[in-house]
Each structure stands twice: as structure tokens, then as C-alpha cells.
Amino acid sequence: MKAIVDCNCFYCSCERVFRPDLLKKPVVVLSNNDGCIISRTDEAKNLGVGMASPYYQNRDLIKKNDVAVFSSNYNLYGDLSMRVMDTLRTLVGEQNIEVYSVDESFVDLASMPKEKLQSFSKKIKDVVEQWTGIRVSIGVAPTKVLAKVANRLSKKNKDQTGCILVLDTEEKIIDALKQTPVEEIWGVGYRYAKKLKETWGIYDGFQLRNVNEEWAGVNLGGVVGLRLIRELKGIPCIELKDPLKQKKMIATTRMFGKPVTELKDLQEAIATYTSRAAEKLRRQHGAATSIDIFLMSNNYKGHYQYNPQTRHINSKLLQPTSHTNELIGYAMPLVEKLFHRGYKYLKAGVILGDIVPEFSIQGNIFKADPAGKRRELMETIDNINFSMRDDVIKYLASGLKRNWKMRQDLRSKRYTTRWEELYRVS
DNA sequence: TCTGGGGTCCTAGGACCC
DNA sequence: TCTGGGGTCCTAGGACCC
């Protein structure tokens, strides 16, 4: 059996940990640049605040109902996420957990006797809540896809389930699938859902489970669709992922706070994103062999129209590297090549690709490598920045004024990572 | 006026090789 | 008259996830 442990409206819950006065009140958290609503509590949901909907469209509703609004505070969420995952690791063992996202983990419960699944899940829930202040929902089933189905229903029917649902019999599985609209199933997105409903009259999980496998192979994206159907039948096809596996690409991309027109600003932004990406790269002990820069601009003619064009350019590196300085060195001329005077730029990004393990790097005879020195420097900078969960030390190329930076007007304090922002009890 | 960021997997098709 | 077969690698793009 497999479980998915999912933090309830994670970002909002993080805010509530330090704002107990908001416990029963509606809360929302906004995306970068304060653009969209990316987390909302049940109270906000019941008021009709849409998930992933633009902030400005909900502004009246929010004002009228006194909803608490926060800009995203990734320093805080990242730190609390780590605490939740560490707690899970101590409970189930490091080798039995796959951290799937900032607020979700899959847990392998293969060795747990069936009759203990319910009580053990309850234990996980209670301990995580007590140690971190974060509430979780848990779905347990024979496969990942079914665990997700269980998880969704556990939240939906909180009052009966207490946020825990174990699907350990065929009857329970069928019943759960009948209650699950096809678009709510993990692996069925907007397009497939539309096709399933409109073209083939398939509306819920139970109907989907009963389609012909070959048919699924043809109509739902090849082997992906086939796996999905089997998982719904209770045949595991998607195993827990190896946590040590390297990412194949690492991206850092962002919208600007306001349109950018100067090359210098673009280069600062790209230097900043490159530093960030390089840091992630070093964290997995990787080195990149290619770098891809993209700029997204407004359509040039006329005034504002949301019809962006994206241009990108890719460059192979002479030798794999994870050194920020070198990567910035590759990136800067690329920005210059892409840049067009007169365009308004809205967004930019860096993608590091063809990642290889760091230890596999061969020496390059054209370049003297001051051996451990650069590595040591990078490690020192990483350690300082990591302890503050922020880029306290940066490259000058990243700029000082940074007038392209995103908006974050409503950010809460970094309670757990800055001394001067510690929570005060008076 | 205003709509996020960071990933994964898979397939098709073209270039190229012997 | 009749002109192979089997591979690999790469890129672009589509679908999905949180």
C-alpha cells in the first residue's frame, strides 16, 4: 500500500502558524508579483474565491469579507516544508518516502499490516501537527493514483474521515472512484477531461477505470494512459522515485515587477536567476553542459496587449560547470544577442540543461583550474545563503537597485530564518 | 492596469550513420 | 523493371503535475 501525505492549504497554514488569530478566518496567499491566488483556506473557498484566479478579480470579494491576504513568503514555506518532511522521515524511515512537492510526500507502507494502516496514518497526522503546527490529509491505497483519489475524498468529507481515508477493499475503491469526477484524477488534465466527457461520455473514475486498455493507449497519450488505467485498477505502475536522482534540467524564470526596457536591467535579472539556478545545481552535486536563456516581450506595436512573444537562445558549454561566475559569463552575451531595443520585456528565465554528476567532470587542458578554491568559495556562499533562506551574498552582476524585481507588497515576516524577524511573545 | 514558477514524461520526425 | 534495413541522437511540442 502507498500513502500520500498532503498539507492542507499549505501556504495559508504556514501563515496561520504565526498568526493564530487567523485560525477560523479566511486567508489567501498570492503568487509571485501578487498576481494569482495560489493557496486559500476553506473559509476563503466558501466565500467563492477561485483557486489560481487573478488577485484583481477577487479584490472586491476579499475586501468585503475581510480576507487576510499575503504575498508568498518562500523563506517561511520552504523552512516549514523541511520540518514537515523531516518529521515524516523520522516516522516512516528515510528510504520509504518520496517528497513529491513542497507540500506532499508519497510514503511506502508495503511492510505495514493492513489492520494497522488506519491507526498508523492517524499517528502520522497527529505527530506532524504537534511538531510543526501544520495539518495534513492522508490517503492510503494500493497505487499512487488511487492514494490521490483517497486523499481528495478525505479532505472533501473531513467531518466523517478526520482527513484520513484508507481504501483497502475493492468495494471502497469502486465507491471512491464513483465519487470522483474524471478531471479530478491525477494524470487527467484539462484537455483529456474535456475529450473524455464530450467525445466519449466518460465522467467519473469508475467509468474511466473500465475503458479498454488498448483504447487508453491510443487516446490518452500512449503508455502514460495505459499506466493510468492500470493504476486505477489497483495494479501499481508508478513506483516511488529515488530521491537521489538528479534533475535533468533546472530552471529559474520570473515575471518582472514592471516591464523592462533596458539591457542592463535584463542582464541583472538574468545574472540573478543564473545564480539561483547554479545554487540548485550544486545542491544536487551536478554540473550543467548547456544553458538556455529566454526573454518574453510584449508585442512591440501599440500599447498593452497580452500577446507575448518568447525568444530563446541556447549555448553549449565548453566544459560542464556549476560555478556561478562561469555560468554568468556564458549568460551575459546571450542576453545581449537576444535583446531588442524598443521592446518591453515582461519575463525572463534561465534553464540549465544536460546535467551531469559533478564528479564526472574531466579537467580541461585549456583552463587552469584553481582546484578546490572555487568550489570552496561556492560552498561558503551557499551555506550562508541557505542558512538565511535568501541570497544574502550575491554577485555584483545581479545588480544593487534591482528595479525589475517582482512585487511582494504583503509579505509576512521571515519568522524562522531571520533573527530580527523572530516572533515576539509579549 | 492587473493572470506564477518549476518541473516530468512521452512522441514524432528529421538528420545522420554504417 | 528492380535501388535496404536498422539504428542513434536531437529537437520541438504536447500533455501532465503542484
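Residue numbering restarts at 1 for every chain, and letters A, B, ... go by the order of the sequence lines.
Phosphate proximity of dG5(B) to Arg276(A): absent, as no side-chain N or O sits under 4.0 Å from OP1 or OP2. Between Lys241(A) and the phosphate of dT8(B), there is no side-chain N or O to OP1/OP2 separation shorter than 4.0 Å. In this structure, Lys258(A) does not reach the dC2(B) phosphate: none of its side-chain N or O atoms is under 4.0 Å from OP1 or OP2. Note on Arg191(A): every side-chain N or O is 4.0 Å or more away from OP1 and OP2 of dG14(C). Between Arg227(A) and dC10(B) there is a side-chain N or O to OP1 or OP2 distance below 4.0 Å. In terms of phosphate contacts, Thr253(A) brings a side-chain nitrogen or oxygen within less than 4.0 Å of OP1 or OP2 of dG6(B).
Annotation: of the two residues near DNA chain B, Arg407(A) and Gly221(A), the 5′-most nearest-nucleotide partner is Arg407(A).
Summarising the geometry, atom CZ belonging to Arg283(A) is positioned 8.0 Å from atom CG belonging to Asp382(A); distances are rounded to the nearest 0.5 Å.
Within a 6.0 Å sphere centred on CG of Asn212(A), other residues, nucleotides and ligands contribute more than 12 heavy atoms.
Using a 4.0 Å heavy-atom cutoff across all strands shown, Leu226(A) reaches no nucleic acid atom at all. Using a 4.0 Å heavy-atom distance criterion, Ile250(A) is classed as a sugar-phosphate-only contact. Nucleic acid contact class of Lys144(A) (heavy atoms, under 4.0 Å, all strands): none. Using a 4.0 Å heavy-atom cutoff across all strands shown, Val102(A) reaches no nucleic acid atom at all. Using a 4.0 Å heavy-atom criterion, one finds that Tyr100(A) contacts the sugar-phosphate atoms exclusively.
Relative to the side chain of Cys36(A), the nucleotides dG7(B), dT3(B), dC18(C) differ in distance, and dT3(B) lies closest. Minimum atom distance to the side chain of Lys347(A) is reached by dG5(B), of the listed dT3(B), dG5(B), dC17(C).
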Chi angles and distances behind the salt bridge (charged side-chain N to carboxylate O under 4.0 Å, His left out) call for Lys197(A), Glu183(A): CA-CA 9 Å; Lys197(A) 287 190 284 193; Glu183(A) 66 268 25; 3.4 Å; yes
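The two residues Ala278(A) and Thr324(A) make their nearest non-hydrogen contact at CB-OG1, 3.6 Å.
Taking the six-membered ring for Trp and thresholds of 30 and 60 degrees, His340(A) and Tyr343(A) have nearly parallel ring planes, at less than 30 degrees apart.
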